[in-house]
Amino acid sequence: MKEGNFILKYRWSIIIFSVLLTVIVGYQALKLKIDPNIEAMIPEDMQSRIDTKVIQDIFGNSEMIVIVFETDDILKDSTLERIEKISKKLNRSKNYEQILSLFDVKNIHSEEGMMVIDPAVLQIPETDEEREILKNQITENALAYKVVVSDDFRYTAIFATVKDTVTDENAITEIENILAENPGNEEVHFGGQPYLRENISSNVREELIYLLPIAIGLMLMLFWFSFREFKGMILPLTVVVMSILFSVGLMSLIGWQFTIISLLLPIFLIAVTCDYSIHYITRYQEIGAENPDFTKNEIIKTAFSRIRIPVFLTGITTIAGLLSLGTHMIIPAKQLGLLGAIAICFALFLSLIFVPAIYSFGKPTLHAKQKEVKNAQLEKILRNIATIIVTKPKKVISIVVPLSLLIGTGIFFIEIDGNVVNFFKKDSDIRISNSIIDENFGGSQTISVLVEGDIKDPVILKKIETYETEFNNMKGVGNVVSLATIIKEMSKGLYVEGEEMYNKIPDTKEAVSQYIELYSMGADPQDFEKLVNFDYTKARILIRVNDGNSSTILKILDDIKVLTLDDKNVTIIAGDGVVEADIVHNLIRGQIYSLLTALILVIIIM
């Protein structure tokens, strides 16, 4: 029993050191920031992140906040007046690069052989006849129909491209203020990556606020039921809280940020870190009950002597399992593994050293008579199970092994889903908004195909047009837009329906250049800067995906790669959809690596 002497000798030093260390490191948790950026989950040197950055450098930021208005007819004068006011205010704001709405997208048409470029809604209709004419114009406009207005005219959207320098919170707050200043009867929905990230941040905070107190309350009830003493109830909780504060504070100290995966850390620590102190307290009470003549110090030393090795080995195997996440490709998973392992080390110290030091104050509270009553029914059940295992091992194995294999076959039916939207409840605002965007506006996720060469060359433009057609026929693709789409719309400003070149790409480079020059005379050529660079050497085919399931996106990517395999003009396939696919791929691979590593480490330890 000499092993526990140092605890009794240095009990005050142990307690003060443990508390001070927790306070100093845990204080840093107040400075912790939440990072809702999904791209940050994969390393910066991953090809999908590099390619997406290249696309952004060429065509600018493409992250948009989507504001969707829902009503029985969006062409009502009151609805259009509201959208017009909101669009004007957003266009005057310095927080957005580009605004797209019914009053911003163009209606290119011909008048007396001249190209005329007007907003999709030039004038708010006052009569049913005027509304019907406007409806027909929008239906024929590829830049507006199913882009900023739904096919049934129940929804219309405003797309606000946020500048890189503007935070999600500031952009969303401004939009909410503008909407409040311009009220209406339409139901409003929000979508887009900035809105999604801001929702993740607020949800992480809310989950921590609600989940931790609930978990702690349940723990206190269980500890009281198990130990029936104040120390037995409070000390395991103290170990949990100190371990969480230490690990979260350490996260901030290192410079890491809290992610949606990091949310698992405190919940995981609640479940695991209390185990070691429970082992000590249980053994302490058992020794006290079995040896009523033992002094308090004798109980402490005996319990420590009996429990230190099994508890230490239990903790080491858990640490090994967590450190195996270091082989994972997902960055927050690596961070979770390291922080969890450090927290377990700290919990082991608290459980084996700090808890006995606390128990050295006061008197043992559990004696033999109490032991006879305490948890008698539970103990009876456990003893019966133990008897069956010991007396009939072959039967137990013959049942457990086949049952485990049968249940284990479920692993082949697991579906990996990297769509962050699905992290939210089905009835949440973000899921509802995302569904509306997917069903009516082409989708909330994008894939960009970069085409390089002389973009004004009709051969390349017609190739892009062919790709557009092929991409639109792929399952899960909502709509596709490119410079070819714009050029074909420009042709409607020079020809009337029925003429040979109406809604077609011209046959010569000179004609293409003339289309663009004529457009520049009546509108801003920067209208399509998101689709082509300044010198017309790089163009983007923008694909919107209306099915966020990872399997769908992976299939679309595979089909795109097969279709463009031998095309030297296609140099990059990128976008948030590609990043998500990379996350899913690395999630599977990382899980396999970490499980194999954990298995090897645990076998070595055992």
Side-chain angles (χ1 to χ4, degrees), residues 33-38 60-105 119-121 124 144 147-150 154-207 209 420-421 424-425 427-438 440-441 444 524 526-527 530 576:
K33 296 180 180 179
I34 296 174
D35 183 7
N37 189 9
I38 306 305
N61 184 31
S62 58
E63 288 194 341
M64 298 178 290
I65 296 176
V66 187
I67 315 164
V68 179
F69 298 85
E70 179 184 0
T71 184
D72 55 343
D73 181 8
I74 58 98
L75 296 182
K76 288 188 299 186
D77 53 358
S78 59
T79 299
L80 289 176
E81 285 170 4
R82 185 187 186 194
I83 293 166
E84 183 179 26
K85 290 177 183 176
I86 293 170
S87 298
K88 285 181 178 178
K89 288 203 171 187
L90 289 172
N91 275 299
R92 286 196 292 266
S93 172
K94 297 179 180 180
N95 289 336
Y96 310 99
E97 289 184 359
Q98 187 182 54
I99 303 298
L100 289 178
S101 73
L102 277 169
F103 293 88
D104 299 291
V105 297
V121 178
I124 295 174
V147 177
V148 294
V149 62
S150 63
R154 283 187 57 214
Y155 302 95
T156 186
I158 298 176
F159 295 86
T161 305
V162 185
K163 290 182 178 178
D164 290 332
T165 54
V166 180
T167 64
D168 296 337
E169 183 180 4
N170 289 342
I172 291 168
T173 300
E174 182 180 19
I175 286 175
E176 289 175 343
N177 290 338
I178 291 173
L179 286 170
E181 293 167 5
N182 297 274
N185 296 322
E186 301 80 19
E187 190 173 349
V188 181
H189 309 276
F190 296 95
Q193 288 296 318
Y195 184 70
L196 178 60
R197 285 196 298 267
E198 187 62 21
N199 266 263
I200 290 173
S201 296
S202 61
N203 271 268
V204 167
R205 296 188 195 99
E206 290 175 8
E207 294 294 334
I209 291 171
V420 183
V421 173
F424 297 86
K425 296 178 181 178
D427 59 349
S428 64
D429 291 339
I430 193 73
R431 285 283 293 268
I432 294 170
S433 300
N434 195 75
S435 295
I436 292 171
I437 294 168
D438 285 347
N440 298 280
F441 301 103
S444 55
D524 189 348
Q526 291 185 343
D527 287 344
K530 297 293 182 184
D576 54 14

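Within the 3.5 Å criterion, the main-chain N or O of Phe159 finds no donor-acceptor partner in the side chain of Tyr96. Put simply, the side chain of Thr156 never gets that close to the backbone of Val149: no donor and acceptor are under 3.5 Å apart. Asn177 contributes a side-chain N or O that, together with a main-chain N or O of Thr173, makes up a donor-acceptor pair within less than 3.5 Å.
Asp77 CG: more than 12 foreign heavy atoms inside a 6.0 Å radius. Within a 6.0 Å radius of NZ in Lys89, more than 12 heavy atoms belonging to other residues, nucleotides or ligands are found.
Counting heavy atoms from C-beta on, the side chains of Leu102 and Ile74 come closer than 4.5 Å. Side-chain contact between Phe103 and Asn91: absent, with no pair of heavy atoms (C-beta onward) separated by less than 4.5 Å. In this structure the side chain of Val66 never reaches within 4.5 angstrom of the side chain of Phe441, judged on heavy atoms. For the pair Thr79 and Ile83, the minimum side-chain heavy-atom distance is below 4.5 Å. For the pair Asn185/Thr71, no side-chain contact is recorded, criterion being any heavy-atom separation below 4.5 Å from C-beta on. Asp104 is listed as a side-chain neighbour of Ser101, based on a closest heavy-atom distance under 4.5 Å. In this structure, the side chains of Ile67 and Phe190 come closer than 4.5 Å at one or more pairs of heavy atoms. The side-chain heavy atoms of Tyr195 and Val162, taken from C-beta on, include no pair separated by under 4.5 Å.
Between Glu81 and Lys85 there is no salt bridge, since no side-chain nitrogen of the basic residue lies less than 4.0 Å from a carboxylate oxygen of the acidic one.
Residues Ser435 and Asp438 bring no donor and acceptor atom of their side chains to less than 3.5 Å of each other.
Rounding to the nearest 0.5 Å gives a distance of 9.5 Å between CZ of Arg154 and CD of Glu187. In this structure, NZ in Lys94 is found 11.0 Å from CD in Glu174, a value given to the nearest 0.5 Å. If you take CD on Gln98 and NZ on Lys530, they are separated by 6.0 Å, rounding to the nearest 0.5 Å. Atom CD1 of Ile99 and atom OG1 of Thr161 lie 7.0 Å apart (nearest 0.5 Å). Rounded to the nearest 0.5 Å, atoms CG (Leu100) and CG (Leu90) are 11.5 Å apart. Within the model, atoms CD1 of Ile65 and CG of Asp168 stand 7.0 Å from one another, a figure rounded to the nearest 0.5 Å.
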>> Show, in sequence, the C-alpha distance, side-chain angles and deciding distance for Leu179 and Arg82, and conclude whether the side-chain contact (heavy atoms from CB on, under 4.5 Å) test is met.
In response: CA-CA 9 Å; Leu179 286 170; Arg82 185 187 186 194; 4.2 Å; yes

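Taking each heavy atom of Asn440 and Ser150 in turn, the nearest pair found is OD1-CB, 3.5 Å. Nearest heavy atoms, Pro194 versus Met64: CD-O, 3.4 Å.
In summary, of the residues considered (Ile437, Ile158, Val188), a side-chain contact (heavy atoms from CB on, under 4.5 Å) with Val68 occurs for Ile437 alone.
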